[in-house]
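A, B, ... follow the sequence lines: proteins, then strands. Residue 1 opens every chain. Every heavy atom of this structure was used, including side-chain atoms; hydrogens, water molecules and symmetry mates were not. No experiment lies behind these values; they were computed from the predicted model shown.
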2 protein chains.
Amino acid sequence: MAVNLHIPAPELVFPVDGVEIGVTEAGIRKAGRRDLTVFRLAEGTSVAGVFTRNRFRAAPVQVCEEHLAQSLPIRAMVVNTGNANAGTGEPGLAAARATCDALAKLLGLDPRQVLPFSTGVILEPLPVDRIEAGLPAAVKALAPGNWTEAAHGIMTTDTLPKIVSSRANIGGHPITLTGISKGAGMIRPNMATMLGFLATDAAIAPALLKRMAGQVADVSFNRITVDGDTSTNDSFIIAATGRAGLRIESESDPLYPELLATLKAAATKLAQLIVRDAEGATKFMTIRVEDAGSQEEALKVAYSVAHSPLVKTAFYASDPNLGRILAAIGYAGIDDLDVGRVNLWLDDVWVAKNGGRNPDYREEDGQRVMKQAEIAVRISLGRGKVTETVYTCDFSHEYVSINADYRS
Amino acid sequence: MAVNLHIPAPELVFPVDGVEIGVTEAGIRKAGRRDLTVFRLAEGTSVAGVFTRNRFRAAPVQVCEEHLAQSLPIRAMVVNTGNANAGTGEPGLAAARATCDALAKLLGLDPRQVLPFSTGVILEPLPVDRIEAGLPAAVKALAPGNWTEAAHGIMTTDTLPKIVSSRANIGGHPITLTGISKGAGMIRPNMATMLGFLATDAAIAPALLKRMAGQVADVSFNRITVDGDTSTNDSFIIAATGRAGLRIESESDPLYPELLATLKAAATKLAQLIVRDAEGATKFMTIRVEDAGSQEEALKVAYSVAHSPLVKTAFYASDPNLGRILAAIGYAGIDDLDVGRVNLWLDDVWVAKNGGRNPDYREEDGQRVMKQAEIAVRISLGRGKVTETVYTCDFSHEYVSINADYRS
């Protein structure tokens, strides 16, 4: 059951000039399922990526990092579902490289110009033969309009495809941004991965795009959590094809801030779609920590609240259980926190004032907010000027059912 | 449903010479329920405590710390259930002090010689009048044999009372250790608290007992986790009455190591009873991290595994889902972890070898272990010589049901 997850109408999914997509059924794990997606990127495209910090990094993540670190431009990406190629050791690395080799050959590229992504079952060998057999059909299908196809093609146990698409006008230059993501919880049974791909036709210098990718991820894909479990395959990629008139070379460009904000907005929406489709989610929660002394402590508090099973089950029950939120703030690890300066709001309702129950707070007001499908939790720490926001969902019976199912 | 939680037969609960206990019904929250417990400690008793690190510390915790910091010896303790006196500000502190005053008056003590403990609903004013009215009956009931009564008297939503009792012979000196604890999850609906009381008739110098309390807590009450939520009231107290022949003044005493080990064993058993009675628990898991480079990193890994909802639901499902455990190790925050040196066992079954699936591992062996009610997860990091052990339980539908119930 997804929370307010809407799929844009086909006419509102705008192709990005310079990006072609082909999707096919390669029978990687199950027959009759779109499981292989190829992106071809036009010459001149800048590509940057942000990857999982899990030490058990999957083979494709390692190969992506290698290929992004070398100097040949990235010109293609290949995504398979059904198998995550994680926990597969040297054979896994060889399989990821073989996938790049095969696609490079078909597209006339150097294998180092290809980024590989895998998502699905972990600890099982990647069936490279099936990928190689499927690639020609995916390449044959390459066309600019296939974003919705791709959103379907990268799904594993997601209940719905996740797409954002928008047009913006930056300094008189119209640009297009379209992206897709997948993930439903961090690892479903043992399906590894959050993936996000965002493309724009703006031109962005490669070194700049690399810095921007980190900043964009830090307000979007690095600010969502379902259960605190970071998968082995998490990857987020931005591609800028340079086909539109907008060209940004450095942070000092006057149009840079608006472009960065536009990318952040698109990526945040894309990341939020994963939370909206999270396993068993019935509520979408925004946890905003204000007046923190540092980014680190703001995030400690935000994640402490977002990860607390007691807080999450209270939201599931629509129970404005103030004590659980305060307790989670209290054990977040800020040793010198003055609880007398802590304030808490649920949407517009001021629940806790100066560390205790707000005398004017009425249970029915909290109850009203808790019944909503979307709830903002706002916490002021009274320590400084830093604000951080994290997105999460509630914790339901359905979550346990989904994750306790024996791998099938 | 508790996991292997056995209540010792009455004849196996040994009184501790120098400790008298009285329990009564004070009607603090509900009528007809034992909710007020008094301990009187004989002259010469040493008392030490370890308390929650949650910044939202309850009023009784603050008063306990004050009273333990002054020089008059502690001679009594009072525990009420039904109300945690947490999140209650200055009036809460006054209420905790009033409770000490009332008991001190009845026992002819200075109020600073009394330690107060509260557990139950948080953010509601403590009904001191009812406690004051109930204290005379509790004092009248004081008797050495009332440990089982006390174990019942401090329960809130625990399904069973928690008691350990043993006799040991240390260097020819027979000593007795008896203790009780409460807690079922860290905070149930909004019932705050883990409490643990352990008494022995050994004589232990106060300054030494204080150091020992920290060491004992660090292998017992500080090594259990149900959901990662640390409550506002968590307290653990050791009292040593000095009535037995054993007298330990310092760490250099040759009998000290054995006494410390005996106290650790009793406290560990007592702490484990809380996990065994945890909300919805169907499995008891011991997470042992070996060959770590430091205590900090061993605990990071142990808690990362113990807190992962994906790992916990896999145990609930008796699913030997290796990938989830490896992923939790990988995101524990050890930046330079060489996953190629990580090994994993479920009981005697070697599951992951050098960071990947053990080639000799057979799914049915993992399955056999996962079906047990008690499971040891052993992780070797291959980085050093430090070992740490944490105790936890699985995550069931029942946990969500219990915690999603609206506060009643």
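A distance of 6.5 Å separates CG of Leu310(B) from CD of Glu279(A), quoted to the nearest 0.5 Å. The structure places CZ of Arg324(B) at 9.0 Å from CD1 of Ile122(A), a figure rounded to the nearest 0.5 Å. One distance of note links CG of Asp234(B) with OH of Tyr331(A); it measures 11.5 Å at 0.5 Å rounding.
The shortest non-hydrogen separation linking Val339(B) to Arg55(A) is CG1-O, 3.2 Å. Of all heavy-atom pairs spanning Ala317(A) and Ala404(B), the tightest one is CB-O, 2.6 Å.
Ranked by non-hydrogen atom pairs under 4.5 Å with chain A, the options Thr313(B), Asp336(B), Thr52(B), Asp338(B) are led by Thr313(B). Top candidate by heavy-atom pairs under 4.5 Å with chain A, chosen from Asn354(B), Asn54(B), Ile334(B), is Asn54(B).
Other residues, nucleotides and ligands contribute over 12 non-hydrogen atoms within 6.0 Å of the CD atom of Glu364(A). Atom CD of Glu65(B) has more than 12 heavy atoms from other residues, nucleotides or ligands within 6.0 Å.
Residue contact with chain B, scored on non-hydrogen atoms closer than 4.5 Å, is absent for Val311(A). The contact between Asp335(A) and chain B is made entirely by backbone atoms, counting heavy-atom distances below 4.5 Å. Contact of Ser396(A) with chain B is made through the backbone alone, with heavy-atom distances under 4.5 Å. For Tyr316(A), the part sitting under 4.5 Å from any heavy atom of chain B is the side chain, from C-beta outward, and nothing else.
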TODO: May I have the step-by-step check of side-chain contact (heavy atoms from CB on, under 4.5 Å) for Val400(A) and Tyr399(B), ending in yes or no?
DONE: CA-CA 9 Å; Val400(A) 177; Tyr399(B) 177 90; over 6 Å; no

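In this pair, His397(A) and His397(B) present their aromatic rings parallel. The plane angle is below 30°, not in the 30 to 60° band.
Phe56(B) has its side chain within reach of Val342(A): a pair of non-hydrogen atoms, C-beta onward, lies under 4.5 Å apart.
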